[in-house]
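Residue numbers run from 1 in the order of the sequence given. Not measured: the values here are computed from a predicted model.
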Amino acid sequence: MKKNIILYSHAGSENHGCEALVRSTEKLLHKDNRGGIYLMSADVEADKRYGLDQVVDGLYSIDKYKKTTLEYLKYAIKYRLSKKEPNSYSCCLWQVKPYQKDGIVFSIGGDNYCYILADNMAWLLDEIEAGHQYFYKRGIKSVLWGCSIEEDVLQVERVREDLKKYDLITVRETMTRDNLIKYGIKDNIVMTCDSAFHLDTVKLPLPDNFIEGNTVGINVSPMVIENEKKKGIVFQSYVRLIEYILKETDMNVALIPHVIWEPNDDREVLDVLYKMYQDNPRVLKIEDCNCEELKGYIARCRFFVGARTHASIAAYSSCVPTLVSGYSVKSRGIAKDLFGTYENYVVPVSEMKREEEMVEAFCWIMEHEEQIKETLKKVLPEYKNKIFEAVDAVWKL
């Protein structure tokens, strides 16, 4: 029997990590030709701009409520009684109702439960939980796809109870798996890798001064700066790193954005860095493009230093030695599963005390360049194959 797949909790392709998850998930699930794949999005126009409407079988906006439907009327009444805004998912899921019969729904954003407490965003949990509950109450099979979850989030009973109601949780790193088991969530989990390890690579022509195999790709985000404890240390650490590369090596530097939405646009920080070195021909910036094309640039770097998880995954999966400026369990967990430890591979920004720490960590990566590449070549085939256990588990639902 063919099963339709409905993807939700997708914030839009201006976050190219979200785009990468949709593209790679479609690639993995459509291989089996089990049915259609339908995407519910917070930003349909951005998805169309990057070509996702050509990837999925249907693309629907969570912002377009059909106010004449019974579903909307029910939630409008609930709003009047509770004084709370109707949940956007609950109001708009009528759009995919034709595909719900014998279908499986995927909460596709692996980070959705990751930052709820850290950012004090209870409303986000309201959105996630309400979307999931809509399907749960209708007996529709549900999957939390490729998740990472901080331990402190799991201390909230409401979160634990919601997670237990998923028919399947695929976990992309063992630190989260261990957290889930510790808090009694074990019967519905499958260990896997992030689906973006299977993302295709598209190689556009390289810009001037991008030397293939001798360029350091650099990605930094406002989010990683927000997680610093010592004000200004992350930006200054990146400045020190660029200075070191220019003075002590013959490599060039490519500044590569991976998220461009407001108010968390990587280009805000990267443009400041670029202006500092715009007269130096060895420093260049990559313009925005889709996630497969961004991976094409990252894959041709000699080293990569990244803040965004899926930019780092693009590098790891291309066997590029990578240093991550991390702020959550996902960066530590993915590095640990690849290398046996996250020490030397991740610089936790919340623990940074000295501006030299990034340079010191990068030097370690340079010194172990060949060893890191050999490790990635060795472990990636088996590591990536874990995803097929998750796919098999989906089709058994």
Side-chain angles (χ1 to χ4, degrees), residues 17 20-21 23-25 27-28 31 110 145-148 170-178 189-203 212-219 249 251 256 258 291-292 294-326 328-348 360-393:
L21 288 171
R23 287 183 181 273
S24 56
T25 301
K27 174 184 175 182
L28 291 160
K31 271 187 172 182
W145 185 243
C147 72
S148 292
T170 69
V171 188
R172 63 181 167 185
E173 29 81 19
T174 54
M175 293 179 72
T176 288
R177 178 202 62 189
D178 294 346
I189 66 175
V190 171
M191 188 64 215
T192 184
C193 67
D194 191 296
S195 64
F197 275 89
H198 290 264
L199 183 71
D200 290 337
T201 304
V202 174
K203 294 184 177 181
E212 183 169 357
N214 204 40
T215 294
V216 181
I218 288 183
N219 165 259
T249 81
M251 294 183 288
I256 305 176
H258 212 261
C291 62
E292 294 178 332
L294 288 171
K295 183 175 180 178
Y297 290 118
I298 292 169
R300 286 175 283 181
C301 293
R302 181 175 176 181
F303 299 100
F304 187 71
V305 179
R308 298 291 185 181
T309 299
H310 285 94
S312 301
I313 287 173
Y316 286 144
S317 59
S318 305
C319 294
V320 175
T322 299
L323 176 66
V324 177
S325 51
S328 73
V329 66
K330 57 184 177 177
S331 56
R332 301 191 306 274
I334 292 170
K336 177 177 176 289
D337 290 347
L338 288 170
F339 303 105
T341 178
Y342 60 81
E343 187 177 354
N344 297 315
Y345 298 96
V346 178
V347 177
E360 291 166 358
F362 181 72
C363 287
W364 189 93
I365 295 290
M366 284 200 302
E367 291 167 7
H368 295 82
E369 176 182 5
E370 293 305 319
Q371 176 186 331
I372 293 169
K373 288 195 290 189
E374 287 304 313
T375 297
L376 287 170
K377 288 175 185 177
K378 181 179 178 180
V379 305
L380 276 174
E382 182 177 352
Y383 178 84
K384 290 172 63 176
N385 279 342
K386 292 177 183 176
I387 198 75
F388 299 110
E389 296 176 27
V391 171
D392 288 343

Asker: Taking all non-hydrogen atoms of both residues, which atom of Ser331 and which atom of Val324 are closest, and how far apart?
Answerer: CB-CG1, 3.8 Å

Asker: Mind checking the CD-CD spacing from Gln371 to Glu374? Nearest 0.5 Å is all I need.
Answerer: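 That separation rounds to 10.0 Å.
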
Asker: Can you give me the closest heavy-atom contact between Arg300 and Lys203, atom names plus distance?
Answerer: NH2-CA, 3.5 Å

Asker: Given Glu370, which partner from the list His368, Glu367, Lys373 fulfils the side-chain contact (heavy atoms from CB on, under 4.5 Å) test?
Answerer: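 Between Glu370 and the candidates, side-chain contact (heavy atoms from CB on, under 4.5 Å) is satisfied uniquely by Lys373.
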
Asker: For residues 308-318, which residue pairs qualify under salt bridge (charged side-chain N to carboxylate O under 4.0 Å, His left out), counting only residues two or more places apart or in two chains?
Answerer: Asp266-Arg308

Asker: Between atom CG of Leu380 and atom CG of Asn385, what is the distance when rounded to the nearest 0.5 Å?
Answerer: 10.5 Å

Asker: Which pair of heavy atoms, one from Cys319 and one from Lys377, lies closest together, and at what distance?
Answerer: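 Cys319 and Lys377 have their closest heavy atoms at SG-CG, 3.8 Å.
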
Asker: Extract all donor-acceptor atom pairs below 3.5 Å that involve side chains of residues 190-198 and protein atoms in other chains or at least two apart in sequence.
Answerer:
from: Asp194; atom 1: OD1; to: Ala196; atom 2: N; distance (Å): 2.8
from: Asp194; atom 1: OD1; to: His310; atom 2: NE2; distance (Å): 3.3
from: Asp194; atom 1: OD2; to: Arg172; atom 2: NH1; distance (Å): 2.6
from: Asp194; atom 1: OD2; to: His310; atom 2: NE2; distance (Å): 3.0
from: Ser195; atom 1: OG; to: Ser24; atom 2: OG; distance (Å): 2.9
from: His198; atom 1: NE2; to: Lys384; atom 2: O; distance (Å): 2.9

Asker: What pairs of donor and acceptor atoms, side-chain ones from residues 334-346 against any protein atom, are under 3.5 angstrom apart with sequence neighbours left out?
Answerer:
from: Asp337; atom 1: OD1; to: Thr174; atom 2: OG1; distance (Å): 2.5
from: Asp337; atom 1: OD2; to: Thr174; atom 2: N; distance (Å): 2.9
from: Thr341; atom 1: OG1; to: Glu343; atom 2: N; distance (Å): 3.0

Asker: CG/Asn214 to OG1/Thr249 distance, rounded to the nearest 0.5 angstrom?
Answerer: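 So the CG of Asn214 and the OG1 of Thr249 are separated by 7.0 Å.
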
Asker: Out of curiosity, Trp145 CH2 to Ile387 CD1, how far, rounded to the nearest 0.5 Å?
Answerer: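 Answer for the CH2-CD1 pair, Trp145 versus Ile387, is 4.5 Å.
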
Asker: Any salt bridge (charged side-chain N to carboxylate O under 4.0 Å, His left out) pairs touching residues 313-322, not counting sequence neighbours?
Answerer: none

Asker: Quick check for you: to the nearest 0.5 Å, what is the distance between Thr170 atom OG1 and Lys386 atom NZ?
Answerer: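 It comes to 12.5 Å.
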
Asker: Of all heavy-atom pairs between Gly296 and Thr201, which one has the smallest distance, and what is that distance?
Answerer: CA-CG2, 3.5 Å

Asker: Is the closest side-chain heavy-atom distance between Trp364 and Ile372 below 4.5 Å?
Answerer: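 Yes, at least one pair of side-chain atoms sits under 4.5 Å.
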
Asker: Can you sort out the partners of Thr215 under side chain to side chain donor-acceptor pair (under 3.5 Å), two or more places apart, ordered by chain and number?
Answerer: none

Asker: Could you check whether any side-chain N or O of Arg177 sits under 3.5 Å from a backbone N or O of Glu173, counting only pairs where one atom can act as donor and the other as acceptor?
Answerer: no

Asker: In the structure I gave you, are the side-chain heavy atoms of Arg23 and Asp200 within less than 4.5 Å of one another anywhere?
Answerer: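 Heavy-atom side-chain distance check fails, nothing below 4.5 Å.
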
Asker: Test: side-chain hydrogen bond (donor to acceptor under 3.5 Å, both in side chains). Region: residues 314-326. Which pairs qualify, not counting sequence neighbours?
Answerer: Tyr238-Ser325, Lys295-Ser317

Asker: Within the 4.5 Å heavy-atom criterion, are Phe388 and Leu28 side-chain neighbours or not?
Answerer: yes

Asker: So which atom in Ser148 and which in Lys330 form the shortest heavy-atom distance, rounded to 0.1 Å?
Answerer: OG-CB, 3.3 Å

Asker: Can you tell me how far apart CD1 (Ile313) and SG (Cys291) are? Round to the nearest 0.5 Å.
Answerer: 11.5 Å

Asker: How close do Val347 and Ala361 get, heavy atom to heavy atom, and via which atoms?
Answerer: CG2-CB, 3.6 Å

